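To keep things clear, I will list the structure first and then write my remarks on it.
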Amino acid sequence: MIFNKDLIKEILQYPRPDQRRIHEIIDSGWEFKFIHSEKEVKTSSRWRPVKVPFPIESKASGINERFKGESMVYRTRFNLPQWARDGNIRLNLGAIDYYSRIAIDGKTIGEHRGGYTPWYIDLHHLSDSASHQIEIYVEDPLSRAQLRGKQTFIKRNIFVHYTPISGIWQDVWIEPLCFPHIEQWRFFPSINGGSLEIRLRGEASKIKIHLEGKEISAQLFSGAHGKDQMSMWTAEIEPNKLAPWSPDDPQLHPISIMTFDEKGNMGDKIDSQIGLRYVERRGGRLFLNGSPLYQRLVLNQGYYPEGHYRPIDKIGYLHDCELIKEAGFNGMRIHQKIEDPALLFCLDTIGLLAWEEMPSSLSLTNKGRNNFCKELYEVISRDFNHPSIIAWVPFNESWGMYDMLFKRSRRNELRHWTALIHELDPTRLVVDNSGFHHLGGDILDQHHYLPARDASKGLYKRLVSRQFNSFSLIKFILIFSKWGEVFPQPILMDKDTIDCGQPLMISEYGGFGFYKSKEDSKQKLQELISAYTADIRAEKSIIGFCYTQFTDVEQEKNGLFTFDRKPKFSIREMAKIFKA
């Protein structure tokens, strides 16, 4: 079925549109204060009202101040709803940047590191008192080992790095903790048939799966074992019974999964949707559901004027997706950010492809490597079931690991991450190091902001003739010798890398307004974009493009739209350019 706008808006009210349960969002009555030491947590002074879930740097939070390196603490109270009166609930925290520690009624119960991924705490037999206090202690240091993405790494905005974010920026909510509990479910999509893998905490006597209202059978694959007593069930979906998902026809199929104990009592229940699609590489081409795929992507930074790292209302995600599709794109490159599940749900329902890119750290030291690995696992686990995501991008432009130019061990590490992601998720493509030094992966993509069309067309000619250079520190230094001449070379590969004929793509170009093109004085923005895009399309061996960028963001004013989502020229004319 195609989800209509009313249904999309209804489902967007859930904190996890892809994993819906009875729930209650805790978004009112929050207080906040900066502190210099943990001793100040218990003092009553300097508490201020704060709107959750907006980062403290945003106007929407009511704080609108940059984090100055102190710690901070949030608190609020919540009442147990009727459905939670047995005291068994799960407290979910969508994303808190960066380190957080939780206390319930004064007792510390858990902690988490990572600014982009969710975590939860199981609360067993919580006292059925009138209310309970949540207290969240947060630290957000300017650590080089921390995944920051486009958040500035100094105390002011610089170049393409923007206002940082700190604190709670995704939903906080409770839901029932029913047993046997559905801990995780994964759908392996294919137009030739799909399979479900369902991991449960505790042994279930039976599970039921309703797909589009019809029950499908599931089999116990592995009984409860391990310290968490996890069991696994599997179910097969018959081929050719369900319409496939694509940007042109984003068919999604409602699914419900329920667990039952040995007495026949229902335990856990989640509602979601699945999309059948299969993306693959054949030589120098990509195919979606067996048909050739040409990607028309736009770079999306995911910043908003009032909410900063999120829109004021989740309907804003839907509005962005509609604008992007109307402007002629069939997807987006989510750049240096792991997005709220609400945006991914909108991509699924509207029909837009996505590259999901890990935020970069400044240095992949041992600590940075551990942080990256942890969040990578959590990201793939959270977002596995979204059909819109067709590629994982672990690194961008060698950020955080420039030493790969003279360290073989670092280059081998990049190969390791690529292989690991393929192992964790065999259903998607991997772009190993977007735009720069490729050592494998499924797509060889190039970023460029060359100021003259002749220079960019020369670059394309070298790419399609597979003239790839090996690593050179001198060439690397020359890349950054002048901003206007940035990225003038072909994709760089080391001498140990074999060219496997991977598809070629221009995954950043444009950027007009942030730097000057030699044609700027002669052509309007619309004409300039049209000409540069036509040059890419003229090279039949290049399988797509990604225009920089969707909107202006703070000091980087190079969007097709202003920061407040106003088009810089007719959206109809944009569609003519990008869909030509």
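Because the structure is predicted, anything quoted here is derived from the model rather than measured. We use all heavy atoms of the structure for the numbers below, so side chains are in, but hydrogens, waters and symmetry mates are not.
Here the side chains of Leu288 and Pro244 are not in contact, with every heavy-atom distance at 4.5 Å or above. In this structure, Gln273 and Phe345 have side chains that are in contact, with non-hydrogen atoms separated by less than 4.5 Å. In this structure, Ile506 and Tyr460 have side chains that are in contact, with non-hydrogen atoms separated by less than 4.5 Å. Inter-residue side-chain proximity for Cys546 and Phe329 is flagged as unmet; no heavy-atom pair is nearer than 4.5 Å. A 4.5 Å side-chain heavy-atom check between Trp233 and Leu196 finds every atom pair outside the cut-off. Using a 4.5 Å heavy-atom cutoff, the side chains of Phe512 and Tyr532 are in contact. The shortest side-chain heavy-atom distance between Ile421 and Arg428 does not fall under the 4.5 Å cut-off. A heavy-atom distance below 4.5 Å is found between the side chains of Pro292 and Phe287.
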Residue pair Asp348, Ser388: steps toward the side chain to side chain donor-acceptor pair (under 3.5 Å) verdict | CA-CA 5 Å; Asp348 294 341; Ser388 54; 2.6 Å; yes
Step by step, would you call Thr163 with Glu554 a side chain to side chain donor-acceptor pair (under 3.5 Å)?
-> CA-CA 8 Å; Thr163 304; Glu554 297 187 340; 2.9 Å; yes
Could you check Ile270 against Arg21 for side chain to side chain contact (heavy atoms under 4.5 Å, CB included), going step by step and ending with a plain yes or no?
-> CA-CA 5 Å; Ile270 60 172; Arg21 289 185 174 95; 3.3 Å; yes
Go through Asn385 and Ser272 one step at a time and tell me if the side chain to side chain contact (heavy atoms under 4.5 Å, CB included) criterion holds.
-> CA-CA 10 Å; Asn385 293 321; Ser272 189; 6.0 Å; no
Decide yes or no on side chain to side chain contact (heavy atoms under 4.5 Å, CB included) for Arg296 and Phe545, but give the supporting numbers first.
-> CA-CA 5 Å; Arg296 310 185 310 272; Phe545 58 79; 3.8 Å; yes
Apply the test side chain to side chain donor-acceptor pair (under 3.5 Å) to residues Asp564 and Thr562: give CA-CA distance (whole Å), side-chain angles for both, the deciding distance (0.1 Å), then the verdict.
-> CA-CA 5 Å; Asp564 58 356; Thr562 61; 2.4 Å; yes
Given the rule in the side chain to side chain donor-acceptor pair (under 3.5 Å) test, do Gln251 and Arg277 qualify, once you have shown the distances and angles that lead to the verdict?
-> CA-CA 10 Å; Gln251 293 283 346; Arg277 61 101 185 92; over 6 Å; no
Using the side chain to side chain contact (heavy atoms under 4.5 Å, CB included) rule, take Met332 and Glu339 through it: C-alpha gap first, then chi angles, then the decisive distance, then the call.
-> CA-CA 12 Å; Met332 69 168 65; Glu339 273 290 2; over 6 Å; no
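Atoms CD1 and OG1, from Ile198 and Thr259 in turn, are 10.0 Å apart once rounded to the nearest 0.5 Å. Between atom NZ of residue Lys206 and atom CE of residue Met258 there is a gap of 9.5 Å, rounded to the nearest 0.5 Å. Interatomic distance, CD of Glu212 versus NZ of Lys241, reported as 12.0 Å (0.5 Å rounding). Rounded to the nearest 0.5 Å, atoms CG (Asp18) and CD1 (Ile274) are 13.0 Å apart. The structure places OG of Ser61 at 14.5 Å from CH2 of Trp169, a figure rounded to the nearest 0.5 Å. Between Ser507 atom OG and His447 atom NE2 the span is 3.0 Å, to the nearest 0.5 Å.
Residues Cys321 and Leu347 approach most closely at SG-CD2, 3.8 Å, considering heavy atoms. The heavy-atom pair separating Met358 from Glu375 by the smallest distance is CE-C, 4.0 Å. Nearest heavy-atom pair across Asp432 and Gly440 is OD2-N, 3.3 Å. The shortest heavy-atom contact between Ser381 and Gln184 is OG-NE2, 2.7 Å. Nearest heavy atoms, Gly284 versus Ile543: O-CG2, 3.5 Å. Between Pro189 and Gly275 the shortest heavy-atom distance is CB-O, 3.6 Å.
With Lys374 contributing its side chain and Gly114 its backbone, the two residues share no donor-acceptor pair below 3.5 Å. Within the 3.5 Å criterion, the main-chain N or O of Gly441 finds a donor-acceptor partner in the side chain of Gln502. With hydrogens and angles ignored, the 3.5 Å screen pairs no side-chain donor or acceptor of Glu556 with any backbone N or O of Val553. Under the 3.5 Å distance criterion, the side-chain polar atoms of Lys457 are left unmatched by any main-chain donor or acceptor of Asp535. In terms of modelled atom types and a separation under 3.5 Å, the side chain of Thr349 and the main chain of Cys346 share a donor-acceptor contact. Put simply, the side chain of Tyr116 gets close to the backbone of Arg148: a donor and an acceptor are under 3.5 Å apart. Of the possible polar contacts, one joining the Arg565 side chain to the Phe563 backbone as a donor-acceptor pair under 3.5 Å is found. In terms of modelled atom types and a separation under 3.5 Å, the side chain of Asp268 and the main chain of Cys178 share no donor-acceptor contact. Side chain of Glu356 to backbone of Trp392: no donor-acceptor contact under 3.5 angstrom is found. Without hydrogens or angle criteria, Trp173 side chain to Arg16 main chain gives no donor-acceptor distance under 3.5 Å.
The existence of a salt bridge linking Arg90 and Glu183 is confirmed by a sub-4.0 Å separation between a basic side-chain nitrogen and an acidic carboxylate oxygen. Arg333 and Asp445 are not joined by a salt bridge, as no carboxylate oxygen comes within less than 4.0 angstrom of a charged side-chain nitrogen.
Within 6.0 Å of CZ on Arg285 lie more than 12 heavy atoms contributed by other residues, nucleotides or ligands. Around atom CZ of Phe221, no more than 12 heavy atoms belonging to other residues, nucleotides or ligands sit under 6.0 Å away. For Gln219, the CD atom is densely surrounded, since the number of other residues' heavy atoms within 6.0 Å is greater than 12.
In summary, the aromatic rings of Tyr303 and Tyr309 are positioned with their centroids under 6.0 Å apart. Taking the centre of each ring, His335 and Phe550 stay at or above the 6.0 Å mark.
Judged by distance alone, the side chains of Asp425 and Thr427 do bring a donor and an acceptor atom under 3.5 Å apart. There is a side-chain donor-acceptor pair under 3.5 Å between Gln151 and Asp97.
For the ring-ring contact (aromatic ring centres under 6.0 Å, His included) with Phe384, the lone residue among Phe187, Phe188, Tyr377, Trp185 that qualifies is Phe188. Paired with Val431 under the rule side-chain contact (heavy atoms from CB on, under 4.5 Å), one option of Asp442, Leu444, Ile443 passes, and it is Ile443. Checking Lys557, Lys568, Lys566 one by one against Asp552, the salt bridge (charged side-chain N to carboxylate O under 4.0 Å, His left out) holds for a single residue, Lys568.
Taking the ring centre of Phe54 as origin, the terminal cationic atom of Arg310 falls inside the region bounded by 6.0 Å and 45° from the ring axis.
Tyr547 and Tyr509 have perpendicular rings, their planes meeting at more than 60° on a 0 to 90° scale where under 30° would count as parallel. Between His161 and Trp399, the two ring planes are tilted [angle within 30° to 60°].
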